[in-house]
There are 2 protein chains.
Amino acid sequence: MTIKDIAESCGVSISTVSRVLNNHPDVSPKVRQKVLDAAQKAHYVPNNSARDLVKSRSEGIGLIVRGVGNPFFTQIIHAIERAIDAAGYTLVLHQISTDDDEIMAGASLARSKKLRGLIFLGGKGDYQSSDIAILDVPFVCCTYTVRFTPLARESYSSVAIDDKMEGYRATRFLLEKGHRKIGVLINSKHDRSIGELRYMGYCEALAEMGIPLDETLVEEAGSFTLPAAYEATCRLLERRGDITAVFAIADSMAVAAAKALHDKGRCMPEDCSVIAIDGLEMSSYFVPVLTTMAQPQTELGTTAVKTLVDMIEGRAGNRHILLPATLRTGGSVRSI
Amino acid sequence: MTIKDIAESCGVSISTVSRVLNNHPDVSPKVRQKVLDAAQKAHYVPNNSARDLVKSRSEGIGLIVRGVGNPFFTQIIHAIERAIDAAGYTLVLHQISTDDDEIMAGASLARSKKLRGLIFLGGKGDYQSSDIAILDVPFVCCTYTVRFTPLARESYSSVAIDDKMEGYRATRFLLEKGHRKIGVLINSKHDRSIGELRYMGYCEALAEMGIPLDETLVEEAGSFTLPAAYEATCRLLERRGDITAVFAIADSMAVAAAKALHDKGRCMPEDCSVIAIDGLEMSSYFVPVLTTMAQPQTELGTTAVKTLVDMIEGRAGNRHILLPATLRTGGSVRSI
DNA sequence: ATGTGGATTGGAAGCGTTTCCAATAGTAAA
DNA sequence: TTTACTATTGGAAACGCTTCCAATCCACAT
């Protein structure tokens, strides 16, 4: 059942049917109704491929996520899907692995699927203008604080929390509770990763209190996985058995850290407090409840989509939005 | 950058380039390499709309999931995406809410997007032939045990664990550890829900040991959410303070149950053991480690895709596959 | 040399839509 | 009744790709 069949059954031309179906103005009411009825009766469903081909674009928005399995992302993906659907677009999900180049992946996905826009979730958020030059659709980088090359700043949007700030706030919270020997559990402090920023916040909080930075308190897990975080915590404890608190830069790492503490014979929070950043729903149900800087996950997702759709439809230019996290206190931190 | 540009730059015909790009055999190695190089150098990305148009179908597979936010699904979705990608298809994700009709949602998605197949994740898994008649693409129902209307059984595939059996195994494990007063935490024991089946397994295990079923040990949360499970556990404890173990039908519910136990002054596992079904990765990092019947999440996802693709490509008819869960023991259960 | 046949290659017809442009019908003014 | 427009309509050219069919090529046997 194509537009052509309808045209024939109505005795009009293909062009006319197309016009009716696309709500073009220049069609007489009589013909319009006739065509509409015929289409209805024939259960006509437009062929998107053909339309996309001639318009050389689809109504798809690509979501490139590094690590779909990351529990922190699920709620954001949830919100993104909802918002994309509500805006009349289609979600095309594509996940990449740690060492894939998200820009390249996004570029080829966008090209081959003729997508209207892209959302990067968990990307590195640090793009050179030269890198993103191959992207010819608007995109927004979600979740991680974005570092800008001056020129690149003008060409895409971002929605994230202020990682450095929240790292600062988390550390500050521990300091205010009297902790001084605070271990940091981090994926990596280099590579312009998310960890680097949260770690910078940690450093800043210490500096503000006049506490010298002690490198032996910093432990890199190398990734966000639970086993890596567990091992890292073990190393940290072995080296610095005297810490009274751990700042894990992600809730999931904090879970692994808590287990490592327990396995090494330490109680949380009696022997060692734990604070994190992310705010998984489940963290509120741990015993003790994990203290964490909760990211506004749903809002991150919906804002990302809104920003992107605004760009796609030309309603607004690119924007860079920072959303605040919320301190969610639990029993995992105690005063000393 | 189209196939035509490459053809020109190589001095060959469009057909030849197409053949090279589609790995057709009848091309001389020399030409093939030349074309490949050119395509590579030009960052050629095929236009899917055009391809779909001529082949009159897309390469899309729809994933209809009820509750993307459910942590248990994330790993499965992850596996599904990977497998779909590897098979050369594209994932179109669509989530629905609790009370949406998944079949209707799937049907309209499949039509408008010209999808090749559908995967239902977390659907009710209990379809009447009359319901699924509107679906004109193959589909597979993943995750939940499927109950069949005789005719419907012939028309679609399913991949799941044997919910009743695993419910039985979990309960049986507790019984073997000496527990006799075992509370059940369940979303619902009616509505042909997943809970009903796991609960049936519980009943069977008790019956096998000659233990009469006690309705006061059964608590329905009404959903799988953490707050609901928490409240349900509180009610259960209030009514039956004498239970020595809880069988939660999902890991996430077990987390909430553990917290409720703690908040009601009970230690896990000293005062009350907990066992669940699902096997979230994170459950292995809880203190104590959650004992659970771990579903083979990755395998569920890949098998679902494989089954679907086999149907799509006509390699095999529909199948109904039950995958075994694996008992993962942790400290959350103790012998009495 | 002359076929012969298989291996390669090119040509061209669509796939279903949109849309520009030309054609026609209809209407009001002259 | 003509004229001059305007409102409608039809025709046809893309869009980029696959694929059937015909054409060309080349090595090798005759």
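Naming convention: chains lettered A, B, ... in sequence-line order (proteins, then strands); numbering from 1 in each chain. Below, all heavy atoms of this structure are taken into account, side chains as well, without hydrogens, waters or symmetry copies.
Side-chain nitrogen and oxygen atoms of B/N22 include at least one within less than 4.0 Å of the OP1 or OP2 phosphate oxygen of D/dT18. Proximity of B/S18 to the phosphate of D/dT18: a side-chain N or O atom is located under 4.0 Å from OP1 or OP2. Taking 4.0 angstrom as the limit, B/Y44 places none of its side-chain polar atoms (N or O) nearer than this to OP1 or OP2 of D/dG16. Under 4.0 angstrom from either OP1 or OP2 of C/dG16 there lies no side-chain N or O belonging to A/T2. For C/dT9, neither phosphate oxygen OP1 nor OP2 lies less than 4.0 angstrom from any side-chain nitrogen or oxygen of B/T16.
With D/dT18, C/dT8, C/dT18 as the choices, the nucleotide that has an atom nearest any side-chain atom of A/I3 turns out to be C/dT18. Each of D/dC17, C/dG16, D/dT19 was ranked by its minimum atom distance to the side chain of A/N47; first place goes to C/dG16. For B/R51, the side-chain atoms get nearest to D/dC17 when compared with the rest of D/dT9, D/dG10, D/dC17.
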Inset, instruction - Before giving the answer on side chain to side chain contact (heavy atoms under 4.5 Å, CB included), spell out for B/T90 and B/I84 the whole-Å C-alpha distance, their side-chain angles and the decisive distance to 0.1 Å. - result: CA-CA 6 Å; B/T90 299; B/I84 285 182; 5.6 Å; no
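Open room surrounds NE2 on B/H43; 12 or fewer heavy atoms of other groups in view lie less than 6.0 Å from it.
Closest approach of B/R82 to A/I96, counting heavy atoms only: NH2-C, 4.5 Å.
For D/dG11, the base has a donor-acceptor partner in the side chain of A/S15 [N/O atoms by modelled type, under 3.5 angstrom].
Nearest-nucleotide assignment on DNA chain D puts the 5′-proximal partner with B/S49, out of B/S49 and B/R19.
Applying the ring pair (Phe, Tyr, Trp, His ring centres under 6.0 Å) test to pairs two or more places apart or on separate chains, those with a residue in residues 100-122 of chain B are B/F120-B/F139.
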